[in-house]
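Order of listing sets the numbers, starting from 1, for every ligand and every atom in it. What you see is a predicted model; the values in this text were computed from it and never measured. For the numbers below, each heavy atom of this structure counts, side chains included, while hydrogens, waters and symmetry mates do not.
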Amino acid sequence: MTTERLYYDDAFLRSFDAAVIAVREDGWAALDRSAFYPTSGGQPFDTGTLTGARGQVRVLDVEAEDGVVWHKTDLPLTAGERVRGDIDWERRWDHMQQHAADHMLAGAAWQLFGGVTIGLHLGAEDSSIDLDLPGGRTHLTEAETRALEETVNRRVQQDDPIRCWFPAPDELARLPLRKQPTVTEHVRVVAMGDYEMVPCGGTHPRSTGQIGPVKILSCAPARGKMRLRFLAGMRAVNYFRLAAACAESLAAALSAGLPDACNALAREREGALSRQKESTQRLAQAALQVLEAEKKGSVYAAHLVFADHDTLLGAAREIITRQPEAAALLSCPGKNGRMLLFARGAACRQDMARLLRECGARGGGKPDLAQGSAPDGEALSRAAGLLLRQTGTP
Ligand SMILES: [Zn+2]
């Protein structure tokens, strides 16, 4: 029992007549001939319908086993019945474009860099090739990536013929194949222009021009090799549409032309950072002025209504660095009323974490820095009073 694979002779065949030659209880049916492509060589299966005398069933999955193509259907078929098969052409055409682009990239990577393809993946979003590069390299430079992309797209635009055939053994032995076949009989070969020739049982467009644009998305290390992600055909066109729309709205938001958008964004960010730095410095200065005015001996205690956590920390550090015997008891508005930050200088012996507990605030920390919260200003007043008594400040 074998299935005649109609896509070998004509990858553009969308409809065909066939007979069901076997069925399995788990919903799989074998046909005597089929244009449905079964998952293999990195190219996913076709979907579509089979229509018989009793109606239409959907083909959900396709697999080949020992020369037979099996079709998983949503409703059972009967052995012996005649069916018309129709494949989902949009899905197949997309697969043919991605798969052929895969050949073009693999062939060019071999010629330009000596990269050997060791894995292929045709995904729902994008596709990838894993390359083994000489010297264990796991990336391509930007210039190399561009050279690869340009070579492939130039060859696409040359619109060179793509030919698939089963050469006789003596002819096969003479062919300059990029990779040796993994099977010994009925080896099918695909040739694209004069730059790609490998054994392949997949489906391909008639010429390289039908692949459409090929866009490399990234080259990155993966499992000690290099993984190249790409899009071809309508996927590349759709990606360009999305990327262009993003870039144009970004440029419009920055009131810049498209070529200057990245520089405009960098300038914008630089400006925002410097404004933020200035504002932090102004707040720190204001905090220090308040604290100097409120200080008693070496105890600096104040509630800073305009500050946030970073301002408290900056002001506390400034004080204890300048005056190692000082302690800074600071608060600012916080989530649970007030945020508290107690810090001491290197020459101050009072335990800030203990003080935080004793004044009735929530939180904790270390003897030199403690942080917490309190519902109102009472905890801070209590802490300041305790500390002034402990340090003997009048
Ligand atoms: Zn192929």
Q: Measure from NZ or CZ of R188 to the centre of the six-membered ring of W165 and say whether it is under 6.0 Å with the direction within 45° of the ring axis.
A: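 R188 over W165 ring: no.
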Q) How are the rings of F12 and W89 set to each other: parallel, tilted or perpendicular (split at 30° and 60°)? A) tilted
Q: Can you label the angle between the H103 ring and the H204 ring as parallel, tilted or perpendicular, going by 30° and 60°?
A: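 Answer is tilted, since the angle falls between 30° and 60°.
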Q.
Report the atom name of the nearest N/O/S atom of H99 relative to the Zn ion (ligand 1).
A. NE2
Q. How is the N/O/S atom of H204 that comes nearest to the Zn ion (ligand 1) named?
A. NE2
Q.
Please determine whether C200 has a backbone or side-chain N, O or S atom lying under 2.8 Å from the Zn ion (ligand 1).
A.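 C200 does place an N, O or S atom closer than 2.8 Å to the Zn ion (ligand 1).
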**Q.** Nearest heavy atoms of V20 and A29, plus distance in Å
**A.**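 Heavy atoms of V20 and A29 come nearest at CG1-CB, 4.3 Å.
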